[in-house]
Enquirer: 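Quick one: the structure is below, and I'll ask about it shortly.
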Amino acid sequence: MALNGAAKAFFADENIRRQAINDLAEIIKIPSVAGEREGIYPYGKVCAEALDKAAELAEKYGFRVENHDYHCMSILYGDAEPEVGIVCHLDVVPAGDGWSVPPYELTEKDGLLMGRGTHDDKGPFIQSLYTLRFFKENNIKLPFTVRLILGSDEEVGSSDLEYFAKVCKPPMFSFTPDSEFPVCIGEKGILSVGIDFGELDESIVEICGGTVSNAVPGKAYAIVKTEKELKEATDITVSKCEEGVKIEAVGKAAHAAMPEAGVNAISSLIAYLIDNGIVSENSPLGFIRKATGEYLGKNLGIAASNEAFGYLTCVGGVISSKRGIILQSFNIRYLPETPWEEIVAQIEKSVAPFGGKIDYSSNSDGYFVSADDKKIKALTDACEKVLGIESKPYTMGGGTYARWLPNTVAFGSGIESERNFLGDERGNAHQRDEYISVYEFFAGMEVYSEALSNLSEIL
């Protein structure tokens, strides 16, 4: 069906725009970081509070709501049997320090809507809700029911969607507005592996680096016993401490999906230890230096590439020496065509000569959809019409809800030209001063309206 400018006019209305921003402010107030179960609330009371607020907003605008035992919630428009899904999440990562504005209070500033969750993923929830408002308030019927699914565990493990799939039939096609426009037709598989490399070298008291497994570590340190006079070097500091000498390395942190932007501090630290004769290049730490010093998985024997996804990435994110044992984690974004069990087997083979053995592994499968799929074209056509940009589908190493629900792709709502206004490590998802621009906010609503209209012609 042709909307003939109706969506543009609806979202240009100042009353609608102010209502949408006010509704976003209401949901941003809730610090919905997923936690432990509290009674009937599987992810804690604060995540349940966010779902309740979403239900309150939906019911205010006349939509049906289904609460799936506080694991997730559905907001529905239409009564046709087939369903198209929009999948958002209301849980957020902790705010952290260093914000220039209150993280749990919506701030409008210089064309930006700032606050934790504005971009990931509460802003996209309001965009999706207002897309449903457009169809309902303009009395436009679709040949399918739109099911807006709201989760509470995306940032931790996506067990909310696992529960949804047990109690509801997944829609015939869905998109999740938890990435960037245009359409992500494929996500790499995500494999986490921990390697036990045995006992520490006797010259090392402690070694530690990184804070999370899914990031290039920006800092690492070791405490060593040595009589040598150690000198500081580029991005290396040396100081005496009670246990011996503390050596600290500074790299550059980066998300494991984009390791090209980072410098691994673990590799830099161990390189310094080797250069100063504290550990041997042929030791387990020497192997770790090589494996963490590159991000293609060559030293683990798992390098791979294809036309659709480019290359596999492998990041050594965290090193620790708990109980005197060296533990090194690797976060691997692999090509979906390769069974993850084969990758684990190859890693085990590669680390064995250095005394390494698999301590743990966990996996999340990726997905791939052909760019020629007519549903993908329906989405990209909507992007091109509203945003006026070439909308070639893409693949990525990041992970979204799309990998957890059948027949789902990531679709918006970020717009590349609207990102990075606040500089490095500020303003994007999971960062300080997270924002969605006012333009992104309302343009996304129009894109989703046009996309559903396009889908109505082919489904």
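Quick note: residue numbers are just sequence positions, from 1. It should be emphasised that the depicted structure is a prediction, and the values quoted were computed from it without experimental measurement.
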Enquirer: Okay, side chain of N331, backbone of A256: is any donor-acceptor separation there less than 3.5 Å?
Expert: no
Enquirer: What is the distance from atom CD1 of I190 to atom CG of N214, rounded to the nearest 0.5 Å?
Expert: 8.0 Å
Enquirer: How close do D433 and M114 get, heavy atom to heavy atom, and via which atoms?
Expert: CB-CE, 3.7 Å
Enquirer: Mind listing the closest non-hydrogen atom pair of D178 and T400 along with its distance?
Expert: O-CG2, 3.7 Å
Enquirer: Do I149 and Y401 touch side chain to side chain, with heavy atoms closer than 4.5 Å?
Expert: no
Enquirer: Counting distance only, does the side-chain N/O of E434 pair as donor-acceptor with the main-chain N or O of G117 below 3.5 Å?
Expert: yes
Enquirer: As an exercise, state the distance from OG of S350 to CG of N299, rounded to the nearest 0.5 Å.
Expert: 8.5 Å
Enquirer: Above 12 or not: heavy atoms from other molecules or residues under 6.0 Å from CD of E260?
Expert: yes
Enquirer: Cation-pi between R426 and F421: NZ/CZ under 6.0 Å from ring centre and within 45° of the ring axis?
Expert: no
Enquirer: Here's a test for you: under side chain to side chain contact (heavy atoms under 4.5 Å, CB included), which of S128, P124, S179 qualifies with S413?
Expert: P124
Enquirer: Flag the pair K252 / V216 as yes when at least one side-chain heavy-atom distance between them is below 4.5 Å, and no otherwise.
Expert: no
Enquirer: Answer yes or no: is there a side-chain heavy-atom contact under 4.5 Å between V46 and P31?
Expert: yes
Enquirer: Determine, step by step, whether Y439 and L387 satisfy the side chain to side chain contact (heavy atoms under 4.5 Å, CB included) criterion, reporting the C-alpha distance in whole Å, the side-chain angles of both residues, the deciding distance to 0.1 Å, and the verdict.
Expert: CA-CA 10 Å; Y439 171 72; L387 303 181; 3.7 Å; yes
Enquirer: Would you mind reporting whether E162 and D153 have side-chain heavy atoms less than 4.5 Å apart?
Expert: no
Enquirer: Is the CD atom of E341 crowded by more than 12 outside heavy atoms at less than 6.0 Å?
Expert: yes
Enquirer: Donor-acceptor check, side chain of S329 to backbone of V318, threshold 3.5 angstrom: yes or no?
Expert: yes
Enquirer: Determine whether I247 and I278 make a side-chain contact, defined as any pair of heavy atoms from C-beta on separated by less than 4.5 Å.
Expert: yes
Enquirer: Ignoring hydrogens and geometry beyond distance, is a side-chain donor-acceptor pair present between D120 and H89 at under 3.5 Å?
Expert: yes
Enquirer: Taking the six-membered ring for Trp, is the centroid-to-centroid distance between F411 and Y448 below 6.0 Å?
Expert: yes
Enquirer: Side chains of Y272 and D235: any donor to acceptor distance under 3.5 Å?
Expert: no
Enquirer: List the steps and the verdict of side chain to side chain contact (heavy atoms under 4.5 Å, CB included) for W99 and T107.
Expert: CA-CA 12 Å; W99 287 65; T107 299; over 6 Å; no
Enquirer: Name the residue from Y41, Y163, F164 that meets the ring pair (Phe, Tyr, Trp, His ring centres under 6.0 Å) definition with Y70.
Expert: Y41
Enquirer: Has R333 got a side-chain atom pairing as donor or acceptor with M396's backbone, closer than 3.5 angstrom?
Expert: no
Enquirer: Treating R403 as the side-chain partner and D365 as the backbone partner, does any N or O pair qualify as donor plus acceptor under 3.5 Å?
Expert: yes
Enquirer: Could you tell me whether the side chain of I204 reaches within less than 4.5 Å of the side chain of I326, counting heavy atoms only?
Expert: no
Enquirer: Using the ring centroid of each side chain, check whether Y43 and H71 are separated by less than 6.0 Å.
Expert: yes
Enquirer: State whether the number of non-hydrogen atoms from other residues, nucleotides or ligands found under 6.0 Å of E232 atom CD is greater than 12.
Expert: yes
Enquirer: Test your reading of the model: is there a side-chain donor-acceptor pair from E38 to the backbone of K45, 3.5 Å cut-off?
Expert: yes
Enquirer: If you compare all heavy atoms of I389 against all heavy atoms of E384, which two are closest, and at what distance to 0.1 Å?
Expert: O-CG, 3.2 Å
Enquirer: For the residue pair C184 and T395, what are the closest heavy atoms and their distance?
Expert: SG-CA, 4.2 Å
Enquirer: Using the side chain to side chain contact (heavy atoms under 4.5 Å, CB included) rule, take H119 and Y435 through it: C-alpha gap first, then chi angles, then the decisive distance, then the call.
Expert: CA-CA 6 Å; H119 182 55; Y435 74 81; over 6 Å; no
Enquirer: So, the side chain of R37 versus the backbone of G39: is there a donor-acceptor pair under 3.5 Å, distance only?
Expert: yes
Enquirer: Would you check if the side chain of D160 reaches a backbone N or O of C72 as a donor-acceptor pair within less than 3.5 Å?
Expert: no
Enquirer: Of all the heavy-atom pairs spanning V87 and S174, show the shortest one and how long it is.
Expert: CG2-CB, 4.0 Å
Enquirer: Find out whether V224 and S203 are in side-chain contact, i.e. whether some heavy atom of one side chain is under 4.5 Å from a heavy atom of the other.
Expert: no
Enquirer: Ignoring hydrogens and angles, state whether a donor on the side chain of T313 or K188 is under 3.5 Å from an acceptor on the partner side chain.
Expert: no
Enquirer: Would the distance check show the side chain of E248 and the main-chain N or O of A220 forming a donor-acceptor pair, the cut-off being under 3.5 Å?
Expert: no
Enquirer: Any idea which heavy atoms bring L405 and P171 closest together, and the distance?
Expert: CD2-CD, 4.4 Å
Enquirer: From M73 CE over to S152 OG, what is the distance, rounded to the nearest 0.5 angstrom?
Expert: 8.0 Å
Enquirer: Does a side-chain heavy-atom distance below 4.5 Å link Q127 with I436?
Expert: yes
Enquirer: Measuring from I27:CD1 to T118:OG1, what's the distance to the nearest 0.5 Å?
Expert: 13.0 Å
Enquirer: How many angstroms lie between atom OG1 of T408 and atom CG of L161, to the nearest 0.5 angstrom?
Expert: 8.5 Å
Enquirer: Centres of the F442 and Y130 rings: under 6.0 Å?
Expert: no
Enquirer: How long is the gap from CG on D121 to CD1 on I126, to the nearest 0.5 Å?
Expert: 11.0 Å
Enquirer: Is a side-chain donor or acceptor of N264 paired with a backbone partner of I266 at a separation under 3.5 angstrom?
Expert: yes
Enquirer: Checking T292 against I319 for the side chain to side chain contact (heavy atoms under 4.5 Å, CB included) test, could you report, in this order, the C-alpha distance in whole Å, the side-chain angles of both residues, the deciding distance, and whether it holds?
Expert: CA-CA 10 Å; T292 57; I319 191 171; over 6 Å; no
